[in-house]
Amino acid sequence: MKNQTLRIATRRSKLAMVQTLWVKEQLETKIPNLEVSVEAMATQGDKILDVALAKIGDKGLFTKELEAQMLLNKADIAVHSLKDLPTNLPEGLMLGCITEREDPSDALVVNKQNEKYTLETLPAGSVVGTSSLRRLAQLKFNFPELIFKDIRGNVITRLEKLDSGDFDCIILAAAGLKRLGFEARIHQIIPKQISLHAVGQGALGIECKSDNQDVLNIINVLNDETTSKRCLAERSFLRELEGGCQVPIGVNSEVEGDLIYLTGMVASLDGKTLIKDESSGTLDDPEKVGKELAKKLKAKGADKILSEIFEQFR
Ligand code: DPM
C-alpha cells in the first residue's frame, strides 16, 4: 500500500510531459511507497504562439500558472526546464532540487537541402530560425552574412517548419531534442567558442513551497550536486545582471576538483558588440562566482547593452 502522495503541476507540451514523467518515474522508483500524480496545463507561453517571445517579455511566462497551483495548495511541486525558471521566485516558493544535466549545448538542425553544411560553411544568405535573442546575437556576431528569422512554437512544430522549407536551419537546445527522441536530428553541436548556452539549459528545476520540509525531503533524492552548484553559479550571474529569460546572456560552467569555472557573455542584438569574461572560485560558494562574473561584465559595459535592449522591448 502506498502511503505517501505527491502532486506535480506541469506544462502540457510534449517536452514538459516527457520531463515530468521522468521525474515521476524516478521518484516512484527511489521511494517505493510514494504515489505521484500529474496535472498538465497550458501557460501563457504556450498560448501566445504568434508573437516573438522577446516582445511578450514577461518573466515567468512558462511558470506562473504552475506556481499559482502550488500557492493554492493544489500541487506540491512544479517541474520546469530550469532555463525557463526566473531567477527570483514568488514569495513562499523555492527551487528545491536541480536534476542531473543533459548536454547544455545548442544544436544546429538542418533540412535535407543543407545536409552538406555546418554553421561555418552555410552559404551567405542562408536563413536561420531562432527566437532566442542569445542565439541571435552570438550567431550574428560570428556569422554576419547569415539571415535570422523568428520561429515560435514547440520543438516539434519547429522541426515541421524547418522541413517544410521555411528555414535552411534552426537552432535548438540539444537537451530538448534528445529528450524527445530527436537526437538523430542534431547536425552539429555548436561549440562554446561560437555560442554560450542559456543559464540552466539542459537541467530540470523542481520548484516547491519553502515551508514544506516533507516535500523537500522527497525531491532531494533527485538533486545532482555538481549540476546544482553549476546552475546556482549560472543563476546568480543572471540575477546579478538582472536579466529575464529573454536576454542575450550566455554562459558556460565547468567543475574541476573543488573549483568552479564560469564563462559568461552579454551581446548586443545587432551582433556588433559582444562582451565576454571568466571567473572562478571554490564550490562552497558558487553564487559568489556568478556575482563576480556579472560585475566584471558590467564593468566592461554589459549594463549599457542590457538597458538599451530593455528600452527597445518596453
Ligand atoms: C528560454 C529560451 C528558449 C526557451 C531562450 C534561450 C529558446 C527560445 C527559442 C529561456 N526558453 O535559450 O536563449 O529558441 O525561441 C526552451 C527549450 C528548452 C527549455 C527549447 C530550446 C529545452 C532544453 C532545456 C525554450 N526551454 O531551447 O530549444 O532543458 O534546456
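Just follow the structure's listing: the first ligand is 1, and inside any ligand the first atom is 1.
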So the atoms of ligand 1 within less than 4.0 Å of a heavy atom of L172 turn out to be 28 (O)
Atoms of ligand 1 under 4.0 Å from any heavy atom of G176, numbered from 1 in the order shown, are 23 (C)
Near A198 (heavy-atom distance under 4.0 Å), the atoms of ligand 1 are 12 (O)
Of R134, R179, Q138, E102, the one whose closest heavy atom lies nearest atom 29 (O) of ligand 1 is R179
Ligand 1 to R158, heavy atom cutoff 4.0 Å, flagged ligand atoms 9 (C), 14 (O), 15 (O)
Of R135, K83, H197, the one whose closest heavy atom lies nearest atom 12 (O) of ligand 1 is K83
* Run the side chain to side chain contact (heavy atoms under 4.5 Å, CB included) check on T99 and W22 step by step: do they pass? -> CA-CA 11 Å; T99 66; W22 180 84; 3.9 Å; yes
query: Distance-only, no hydrogens or angles: does the Q201 side chain make a donor-acceptor pair with backbone N or O of P104 under 3.5 Å?
result: yes
Checklist entry - Mind checking whether A173 has an N or O less than 3.5 Å away from an N or O of ligand 1? => result yes
Any heavy-atom pair between the side chains of I309 and P248 that's under 4.5 Å? yes
Residue pairs meeting salt bridge (charged side-chain N to carboxylate O under 4.0 Å, His left out), one or both in residues 21-39, sequence neighbours left out, come to K24-E28
* Asked: Mind checking whether T5 and L34 have side chains closer than 4.5 Å, heavy atoms only?
  -> no
Within 4.0 Å of some non-hydrogen atom of L15, the atoms of ligand 1 are 22 (C)
Heavy-atom closest pair (T20 atom, T10 atom, distance to 0.1 Å) is OG1-OG1, 2.9 Å
Min over S81, G202, A203 of heavy-atom distance to atom 30 (O) of ligand 1 lands on G202
Those residues at least two apart in sequence (or on a different chain) that pass side chain to side chain donor-acceptor pair (under 3.5 Å) with N212 are none
